[in-house]
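What follows is a single structure, written as structure tokens, with notes after it.
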Amino acid sequence: MSNLEFERITVLPMDEYNQRLVANVHPENWVNPQPAECYDLVVIGAGTAGLVVAAGAAGLGLGLKVALIEKHLMGGDCLNVGCVPSKALIRSSRVVGEIGKAKNLGVNISQNYDVDFATVMARLRKIRAGISHHDSAARFKNLGVDVFLGSGKFASNNTIAVDGQILKFKKAVIATGARAVKPEIRGIEEAGFLTNENVFSLIQKPDKLAVIGGGPIGCELAQAFRRLGCEVTLFHKGSHILNKEDREAAEILQKVFSDEGIRLVLNCQLEEVVTVTEGKRLYFSANGNRDSVTVNEILVGAGRAPNVEGLNLEAVGVEYDKKHGVKVNDYLQTTNPNIYAAGDICMNWKFTHAADAAARIVIKNTLFSPFGLGRSQLSKLVIPWVTYTDPEIAHLGMYAEAAEKMGLEVATIKIDFNHVDRAITDSEELGFLKIYHKKGTDEIIGATIVASHAGEMISELTTAIVHKIGLSKLSNVIHPYPTQAEAIKKAADAYRRTLLTPRTKRLLKFLTKFS
Ligand SMILES: Cc1cc2nc3c(=O)[nH]c(=O)nc-3n(C[C@H](O)[C@H](O)[C@H](O)COP(=O)(O)OP(=O)(O)OC[C@H]3O[C@@H](n4cnc5c(N)ncnc54)[C@H](O)[C@@H]3O)c2cc1C
Ligand SMILES: NC(=O)c1ccc[n+]([C@@H]2O[C@H](COP(=O)([O-])OP(=O)(O)OC[C@H]3O[C@@H](n4cnc5c(N)ncnc54)[C@H](O)[C@@H]3O)[C@@H](O)[C@H]2O)c1
């Protein structure tokens, strides 16, 4: 047993909740086990991808020897500095959004309501601590996984060094995730900035906040902080926020952001950050104009960089690049056939559910595909995603333009939520559902939903694509009235109506005469 390089980790503020979090995911009294003679699998990184691989392999009850190495907090980004804290924060901010809509719903709420920022953040920490036992070192030990806390690094083609010990493996999995990219803006380092790694440690509300990057992180957090009472300026390089999404969807959100008082600076070039008595001053140009804004804090959500450093990948022939991460084939195998990768370290889809799905592929391909038979492929996955703004934007599959570029003829059915009764009764008409299908057939190839609860609706369409359920069959599915998911049935019915040619209409009319 050893504990040579144990690093005591603090997550600020070190209150009872963060102490409970750390006690679960990086316990101070942890002693690394004596390594087994040889592991079937050694996994580096205990974020979603690593945890799912380790739990999946060890939990099968087949006596497989599995080791899991984590240098910081088990649970990775999702639990500690990603999905969980951001969604807890968004939940509080949604209440403020509801208050904003209350008057229109006939409920007068005193304008003196107060956001207790410290309590919002304490709730976030409490929720995170409460969930953390699931990803804890103790739980994984009980599942039969040898948990090593320390930094993992390849020592040779079949060994990994951690905490002064050597772990011999048959197969290894790199699941080291990604981190926030530091933007190249003069003076920003000296002025200091927040990223997802420390923004959830705030205990005091920054009165004025600059958010750099209009991707999912920037958009979700800009709206949340604005609703919690910060003055927010959102800087984005592109001509519309969420530039991977449907422009029309992004434009709806932009309008909401402006109405809620977020200052949105598009097509911008941030030039310099200077520390002044009032705070941090950002100089920028946008659409030919130069300007500046002074804030208390800067939050950066400008993309992710894969954690490839320090793994000694060169020594084991694992190719990578610093932008896209570890190079993998469709089976998630790296350029070293005994080493696989999963999650943010190697994938364009940087989502928890994508990391989870990739981990399952890795379990199958490393352990249950002798001679490469029956391997699962990454390209076969259908991965939906949701940006949890209000309204939410959910997407799945191909966009119409991308499909057309590939030579597919595509038709789009669009249902605006102002035609969906439940959206009307709830004053949530803003948004739409678009379903893209192959022209001339009912095969769905993609969908975008902009709606208050778009994330809860997209899975029906994911099921349809995965199980090849076309629009005709969806039209036979009874949707409870009134629900916003009825939009899907409306779209399916709209497709069915396109099949009504003058000839079929004549035939139907003829049938009515004998019925
Ligand atoms: C603010 C924010 C909000 C998000 N919200 C969502 C959301 O709502 N829904 C969603 O699906 N996704 C969301 N994501 C994305 C999601 O968090 C990631 O896609 C997911 O965590 C990736 O999991 P992973 O296992 O690949 O990597 P990570 O979670 O990054 O885990 C990698 C782990 O490897 C460890 N590690 C790195 N190097 C070493 C080493 N040498 N030795 C040992 N350990 C090492 C790290 O410490 C880390 O714990 C969000 C991300 C952020 C930042
Ligand atoms: N709800 C979710 O599922 C969720 C939420 C948050 C994050 N995530 C995941 O995390 C990933 C990273 O999120 P992200 O928002 O950091 O990255 P991103 O790459 O998706 O978006 C960042 C945006 O910032 C812009 N940008 C970069 N530098 C800039 C600068 N100097 N000035 C102005 N704009 C600049 C880029 O053009 C880009 O569009 C996402 O792609 C997503 O996979 C998912």
Side-chain angles (χ1 to χ4, degrees), residues 9 25-26 43-53 68-87 89-90 135 148-154 160 162 174-185 188 195-197 199-200 211-221 234-238 240-245 265-271 282 284 286 299-312 325 341-356 358-359 383-389 392-394 455:
I9 285 177
V25 296
H26 197 97
V43 185
I44 311 180
T48 305
L51 291 172
V52 173
V53 171
L68 177 62
I69 306 172
E70 172 55 52
K71 72 170 177 187
H72 192 55
L73 301 171
M74 292 181 64
D77 277 3
C78 180
L79 170 68
N80 299 293
V81 291
C83 328
V84 171
S86 62
K87 268 73 246 179
L89 190 78
I90 286 169
D135 295 351
F148 292 83
L149 296 184
S151 196
K153 168 184 182 170
F154 287 97
I160 291 172
V162 54
I174 306 167
T176 51
R179 60 181 185 280
V181 166
K182 285 187 190 155
E184 288 184 9
I185 302 167
I188 194 166
T195 66
N196 69 296
E197 274 154 44
V199 68
F200 303 112
V211 178
I212 301 179
I217 293 182
C219 287
E220 288 184 359
L221 295 183
L234 175 57
F235 292 99
H236 186 59
K237 266 184 185 168
H240 71 79
I241 55 172
L242 296 174
N243 40 6
K244 291 173 196 156
E245 301 293 347
V265 186
L266 296 172
N267 299 310
C268 80
Q269 189 67 43
L270 279 153
E271 287 160 3
L282 295 96
F284 62 93
L299 170 64
V300 171
R304 312 291 290 167
N307 294 322
V308 287
E309 297 81 4
L311 290 165
N312 204 16
D344 285 8
I345 186 63
C346 62
M347 287 160 55
N348 286 335
W349 298 287
K350 294 191 180 355
F351 305 107
T352 291
H353 45 281
D356 179 306
I383 301 177
W385 64 81
V386 184
T387 302
Y388 296 93
T389 44
E392 295 175 347
I393 300 185

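Basis for what follows: all heavy atoms, side chains included, without hydrogens, waters or symmetry-related copies. Numbering of ligands and ligand atoms starts at 1, following listing order. Quick caveat: nothing in here was measured; it's all calculated off a predicted structure.
For ligand 1, the atoms sitting less than 4.0 Å from at least one non-hydrogen atom of Leu73 are 49 (O), numbered in the order shown with element in parentheses. Which parts of ligand 1 touch Asn196 is read off a 4.0 Å heavy-atom cut-off, strictly below it: atoms 1 (C), 53 (C). The distance from ligand 1 to the heavy atoms of Lys350 drops below 4.0 Å at these ligand atoms: 15 (C), 19 (O). Near Phe351, with a cut-off below 4.0 Å to any heavy atom, the atoms of ligand 2 are 3 (O), 42 (C), 43 (O), 44 (C). Close approach of ligand 1 to Ala175 (heavy-atom distance below 4.0 Å) involves ligand atoms 32 (C), 33 (C), 34 (O). Counting the atoms of ligand 1 from 1 in the order shown, those under 4.0 Å from a heavy atom of Gly45 are 33 (C), 34 (O), 35 (C), 44 (N). Listed by number with element, the atoms of ligand 2 under 4.0 angstrom from any heavy atom of Arg304 are 11 (C), 12 (C). Counting atoms of ligand 1 from 1 in the listed order, those under 4.0 Å from a heavy atom of Ser86 are 3 (C). Atoms of ligand 1 found under 4.0 Å from any heavy atom of Lys87 (numbered from 1 in listed order, with element): 5 (N), 6 (C), 7 (C), 8 (O). Atoms of ligand 1 found under 4.0 Å from any heavy atom of Val81, numbered from 1 in the order shown, are 1 (C), 53 (C).
At under 3.5 Å, a nitrogen or oxygen of Thr352, whether backbone or side chain, sits near a nitrogen or oxygen of ligand 1. Taking only nitrogen or oxygen atoms, main chain and side chain alike, Thr387 does not reach within less than 3.5 Å of ligand 2. No N or O atom of Glu220 sits closer than 3.5 Å to an N or O atom of ligand 1.
By the criterion of a heavy-atom distance under 4.0 Å, the side chain of Glu220, and not its backbone, is placed next to ligand 2. At a heavy-atom cutoff of 4.0 Å, ligand 2 is contacted by the side chain of Lys244 but not by its backbone. In Val181, neither the side chain nor the backbone holds a heavy atom less than 4.0 Å from any atom of ligand 2.
For atom 30 (O) of ligand 1, the nearest non-hydrogen atom from the set Gly177, Gly76, Cys346 comes from Gly177. The nearest non-hydrogen atom to atom 42 (N) of ligand 1, considering only Gly82, Gly152, Cys78, comes from Gly152.
Within the 4.0 Å heavy-atom cutoff, Gly150 counts among the residues contacting ligand 1. Distances shorter than 4.0 angstrom occur between a heavy atom of Ser151 and an atom of ligand 1.
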